[in-house]
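Working notes, beginning with the structure itself.
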Amino acid sequence: MSITPEAIMKFVVEAAEDKKAMNVVTLNLQGISIVADYFVICHGNSETQVQAIATEARKKAQEHGVRIRGYEGVDTARWVLLDLGDVVLHVFHRDEREYYNIERLWSDAKVVERV
């Protein structure tokens with residue numbers, strides 16, 4: 001049984017919110033990029049929180065049987081990237097998020113609205 005990109009995106013967002021991630025934004029990259037269908041972007045206020053957010057998302061991916069293609073930046077916890085194929089989670093430290101501003105780089109993407 002295969003899990004859809006939308007389902008992956010939803011559990012990644014939930015994992016981030018469970019760890020009190022700040023300013024969670026999901027960009028729909030379908031038709032814009034072949035890199036992924038969704039980018040989930042958020043930040044934490046400390047290195048510990050950044051690590052906790054990324055660890056929770058990784059744990060949820062493993063629980064759902066989603067292959068983890070890449071997991072980088074955990075040691076420094078300034079920008080952690082969790083690559084789940086169709087969904088990529090970017091967890092920034094609050095100081096780094098504004099500097100890199102990847103939402104601006106992907107400004108053609110639609111922001112996914114949650115109800």
Side-chain angles (χ1 to χ4, degrees):
M1 180 168 84
S2 172
I3 187 166
T4 66
E6 292 80 13
I8 296 169
M9 176 265 296
K10 286 179 183 173
F11 78 66
V12 167
V13 168
E14 288 171 4
E17 290 176 341
D18 285 350
K19 295 300 178 183
K20 309 295 187 225
M22 306 299 294
N23 194 16
V24 180
V25 174
T26 303
L27 301 179
N28 183 338
L29 302 175
Q30 295 172 0
I32 296 172
S33 173
I34 61 171
V35 172
D37 288 345
Y38 297 99
F39 274 0
V40 178
I41 306 161
C42 62
H43 71 270
N45 291 320
S46 68
E47 286 85 359
T48 304
Q49 187 182 18
V50 168
Q51 290 171 336
I53 295 163
T55 299
E56 183 67 14
R58 183 178 183 175
K59 183 175 118 188
K60 294 293 183 190
Q62 291 169 333
E63 288 173 5
H64 285 87
V66 175
R67 180 174 166 235
I68 297 168
R69 298 171 186 243
Y71 189 54
E72 300 176 25
V74 165
D75 295 338
T76 59
R78 302 305 289 180
W79 178 0
V80 178
L81 184 130
L82 175 63
D83 183 353
L84 302 174
D86 293 324
V87 178
V88 177
L89 171 65
H90 299 268
V91 185
F92 290 95
H93 187 283
R94 71 172 177 257
D95 299 335
E96 307 299 321
R97 183 163 185 183
E98 188 175 320
Y99 177 78
Y100 288 104
N101 197 2
I102 64 174
E103 292 100 320
R104 183 180 45 84
L105 293 173
W106 292 96
S107 61
D108 291 347
K110 293 179 187 152
V111 174
V112 176
E113 298 294 326
R114 289 173 301 177
V115 180

Got a second to check how far Leu29's CG is from Tyr38's OH, nearest 0.5 Å?
9.5 Å
Within a 6.0 Å radius of atom CD on Glu98, are there more than 12 heavy atoms belonging to other residues, nucleotides or ligands?
no
Quick one: which residue pairs count as a side chain to side chain donor-acceptor pair (under 3.5 Å) with a foot in residues 66-76, not counting sequence neighbours?
none
Taking salt bridge (Lys or Arg N to Asp or Glu O under 4.0 Å) as the cut-off, I'd like each qualifying pair that reaches into residues 23-42, sequence neighbours left out, listed once.
none
Nearest heavy-atom pair of Ile3 and Ala7: which atoms, and what distance?
CG1-CB, 3.5 Å
Show the nearest heavy-atom pair for residues Cys42 and Ile53, with the distance to one decimal.
SG-CG2, 4.0 Å
Nearest heavy-atom neighbours spanning Ile32 and Ala109
CD1-CA, 3.3 Å
Side chain to side chain donor-acceptor pair (under 3.5 Å) partners of residues 45-62, not counting sequence neighbours, each pair once:
Glu47-Arg78
Quick check on the hydrophobic clustering: are Met22 and Val112 connected, directly or via other members, by side-chain heavy-atom contacts under 4.5 Å?
no
Quick one: do Val13 and Ile68 end up in the same hydrophobic cluster if we chain Ile, Leu, Val, Met, Phe, Trp and Tyr together by side-chain heavy atoms under 4.5 Å apart?
yes
Please list, chain by chain and in numerical order, all residues satisfying side chain to side chain donor-acceptor pair (under 3.5 Å) with Glu103, sequence neighbours excluded.
Arg97
pair Ile41-Leu27: side-chain heavy atoms closer than 4.5 Å:
yes
Exercise: identify the closest heavy-atom pair between Val24 and Ala16:
CG2-CB, 4.5 Å
At what distance, to the nearest 0.5 angstrom, does CD of Glu6 lie from CG of Asp86?
8.5 Å
State, with a plain yes or no, whether a side-chain heavy atom of Leu89 is found less than 4.5 Å away from one of Leu84.
no
With Phe11, which residues qualify under ring pair (Phe, Tyr, Trp, His ring centres under 6.0 Å), at least two apart?
His64
Taking Tyr99 as the starting point, is it possible to reach Trp106 by hopping between hydrophobic residues whose side chains are less than 4.5 Å apart?
yes
Least distance between heavy atoms, Val80 atom then Ala54 atom:
CG1-CB, 3.5 Å
Of all residues at least two apart in sequence or in a different chain, which pass the ring pair (Phe, Tyr, Trp, His ring centres under 6.0 Å) check with His90?
Phe39, Trp79
From Leu81 atom CG to Phe92 atom CZ, the distance as rounded to the nearest 0.5 Å:
8.5 Å
Contact check, side chains of Val25 and Asn23, non-hydrogen atoms, under 4.5 Å:
yes
